[in-house]
Amino acid sequence: MSNTKEWEEIPTNEPDRQRYFINEDRKLLKLKEADLGRKLTFHVTTFGCQMNARDSEKLRGILEEIGYIPSESEDCDLVIYNTCTVRENADNRVYGRLGILHGYKKKNPGMKIAVCGCMIQEEHVVNRICESYRFVDLLFGTHNVYQLAELLHESFMKEGMTIHVLDKAEKIVEDLPQVRTYPFKAGVNIMYGCNNFCSYCIVPYVRGRERSRTPQAILREIEKQVEDGVVEVMLLGQNVNSYGKGLENPISFAELLLEIDKIPGLERIRFMTSHPKDLSQELIDAIAKSKHVCHHIHLPLQSGSSRLLKDMNRHYDKGAYLDLVRRIREAIPDVALTTDIIVGYPGETDEDFEETMDVVKQVGFDSAFTFEYSRRSGTPAATRPDQVAQEVVTERFNRLLKQVQEDGRNRAKALEGQTRTVLVEEVNREDDSLVSGRMENNSVVHFKGTSDLIGKIVPVHLTSCKGFYYLGEIAN
Ligand code: SAH
Ligand code: SF4
Ligand code: F3S
């Protein structure tokens, strides 16, 4: 697709329409550059999960195509906050930082501030920004990230705030420019949205219904990435195990994985997130027999109490989770298991919490993200009268954290002395005689090496475990 193509009229089909606006924005930017006598700069700040990180790459790709130059600092000509709203503190961080951006804008009145992502899908957030953060120029949601060039154009052409939020996804628009954060590893959306409606969770409301991309589009994207030097992909979806269900030619996630496994030159395949209710034996067997799928499964537990799991609408109970873990370890003995756990879900009793502690102790996770329950308005759990008192939550949270840290350290320690393959990611930030990389189980290793190793997979002897990372030596 040519970047300089001229259109007689504004195209209605995508991605041509966005290509048209990229061209128009480029012309506007040239005028501004001439005025200021310098290039214009941008910064995209990502909050939240890997879906958002991936969307931010798309935003950056469009901005670079328009002619903006990336800036390390938010003190620049265009800042986009790509927001998360999964817990309340995610929202608060954004509101706090918007105040700082206002300070930059007072010095640089031509500066544009955009806020997009999951928070903007919530009406109360849009209202609050309109009322109390009038200096923001552009608001858009999760379903129209691809329209950035068009929205920016509107914001340049008219006074006041530009607001475009779609209630639901209208289409999956492919083939727009995007930049990758790392040359050697990439995130790949295999599906968007979520249909599960766990009772505490806002994601289905802000990301819409589950939509799978076709296997052809996914394979094509990965093949192209591999041609460009990518050796590791992370397949992204809120519940990858239900991939493919709504497609014209349904295909399972296990089948997709085995197709991706065949791509020549691709060394490592990761995926995130697996919902325990849909993790099939077929998938376990596919991981075990694949050549390149990493032996690491992120399997969010949320709670160990069958009673609470039912209330959370998770569709598995304590016994089913433990049985799943047993079957996974039987088929893939060296698998690393990580998880997410919520403490203080409404109605959580001491007994419920002890069930969670019991599962944690029985499984021995390699690592766990632990969260205090956060009330999200619009979700069923938020209206419950039996919210747990903060002191109780804090006490339980600290106990759980201590346990998962201890388990993590023990699991990590057990690998000391072994040799593992490591994908080298960067020169160590504190000591430039070292490089840092990740093992298949996602743990970080630092060892002597030079920048030419970046992007390569090398065997490393794990000489000592320092809690959550290792020091090692390249093995010959
Ligand atoms: N789709 C993934 C999770 C995405 S959200 C899955 O189902 O596994 C990431 C994590 O945030 C969840 O696993 C959950 O542990 C946590 N989370 C979601 N909503 C939350 C809330 N209201 N309060 C606290 N933690 C929450
Ligand atoms: Fe939220 Fe549940 Fe969907 Fe995960 S599966 S995104 S926790 S609703
Ligand atoms: Fe947050 Fe949205 Fe991801 S709410 S966790 S950024 S899907």
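Both counts, for ligands and for their atoms, begin at 1 and track the order of listing.
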By number and element, which atoms of ligand 3 are closer than 4.0 Å to a non-hydrogen atom of [X]?
X	answer
Val86	1 (Fe), 4 (S), 5 (S)
Gln238	7 (S)
Arg207	7 (S)

How far is [atom] from its nearest protein heavy atom, and which residue and atom name does that atom have?
atom	value
atom 7 (S) of ligand 2	Tyr200 OH, 3.4 Å
atom 4 (S) of ligand 3	Thr85 N, 3.3 Å
atom 3 (Fe) of ligand 3	Cys49 SG, 2.3 Å
atom 2 (Fe) of ligand 3	Cys118 SG, 2.2 Å
atom 1 (Fe) of ligand 3	Cys84 SG, 2.3 Å
atom 3 (Fe) of ligand 2	Cys194 SG, 2.3 Å

query: Using 30° and 60° as the class limits, which term best fits the ring planes of Phe371 and Phe369: parallel, tilted or perpendicular?
result: parallel
message: Is the ring pair Tyr243/Phe253 parallel, tilted or perpendicular, if the boundaries are 30 and 60 degrees?
response: perpendicular
Shortest reach to atom 6 (S) of ligand 3 by a heavy atom, considering only Asn52, Val206, Thr46: Asn52
query: When you measure from atom 8 (O) of ligand 1 to each heavy atom in Ser374, Ser303, Pro300, which option holds the nearest one?
result: Pro300
message: Tell me whether ligand 3 is touched by Gln50 - counting only heavy atoms on the residue side and a distance under 4.0 Å.
response: no
- request: Just let me know how Phe197 lines up against ligand 2, side chain, backbone, both or neither, with a heavy-atom cut-off below 4.0 Å.
  value: backbone
- request: Would you please indicate if the ring centroids of His153 and Phe21 are separated by under 6.0 Å?
  value: yes
task: Please find out if less than 6.0 Å separates the ring center of Tyr200 from that of Tyr373.
output: no
field: Cys201 near atom 1 (Fe) of ligand 2 via N/O/S, less than 2.8 Å
entry: yes
Short N or O distance, [X] and ligand 1, threshold 3.5 Å exclusive:
X	result
Asn239	no
Thr273	no
His275	no

message: Restricting to non-hydrogen atoms, name the atom on Ile113 and the atom on Met111 that form the minimum distance, rounded to 0.1 Å.
response: CG1-CE, 4.0 Å
message: Tell me whether Arg134 contacts the main-chain N or O of Ser132 through its side chain, where contact means a donor paired with an acceptor under 3.5 Å.
response: no
- prompt: Are any side-chain N or O atoms of Arg438 and backbone N or O atoms of Asn442, one a donor and one an acceptor, separated by less than 3.5 Å?
  reply: yes
Atoms of ligand 1, numbered as shown, that sit under 4.0 Å from any heavy atom of [X]:
X	value
Tyr373	23 (N), 24 (C)
Glu372	23 (N), 24 (C)
Arg376	22 (N)
Arg314	7 (O)
Asp340	9 (C), 10 (C), 12 (C), 13 (O), 15 (O)
Arg87	11 (O), 16 (C), 17 (N), 23 (N), 24 (C), 25 (N), 26 (C)

Looking only at heavy atoms, is any part of [X] under 4.0 Å from ligand 1, and if so is it the side chain, the backbone, or both, or is it neither?
X	answer
Gln302	side chain
Phe371	side chain
Arg207	neither

- prompt: Side chains of His298 and Thr338: is there a donor and an acceptor less than 3.5 Å apart?
  reply: yes
Which of the atoms of ligand 2 are close to [X], meaning less than 4.0 Å from one of its heavy atoms?
X	value
His275	5 (S)
Pro204	8 (S)
Arg314	2 (Fe), 7 (S)
Val203	6 (S)

message: So, 2.8 Å as the limit: is an N/O/S atom of Cys198 located closer than that to atom 3 (Fe) of ligand 2?
response: no
query: Within 45° of the ring axis of Tyr469 and under 6.0 Å from its six-membered ring centre, is that where the NZ or CZ of Lys466 lies?
result: no
- request: State whether Tyr95 and Arg128 meet the cation-pi test: NZ (Lys) or CZ (Arg) under 6.0 Å from the six-membered ring centroid, and within 45° of the perpendicular axis.
  value: yes
- prompt: Can you name the one residue among Lys361, Arg307, Arg396, Lys318 that meets salt bridge (charged side-chain N to carboxylate O under 4.0 Å, His left out) with Glu355?
  reply: Lys318
- prompt: His164 and side chain to side chain donor-acceptor pair (under 3.5 Å): which partner among Glu154, Gln147, Glu150?
  reply: Glu154
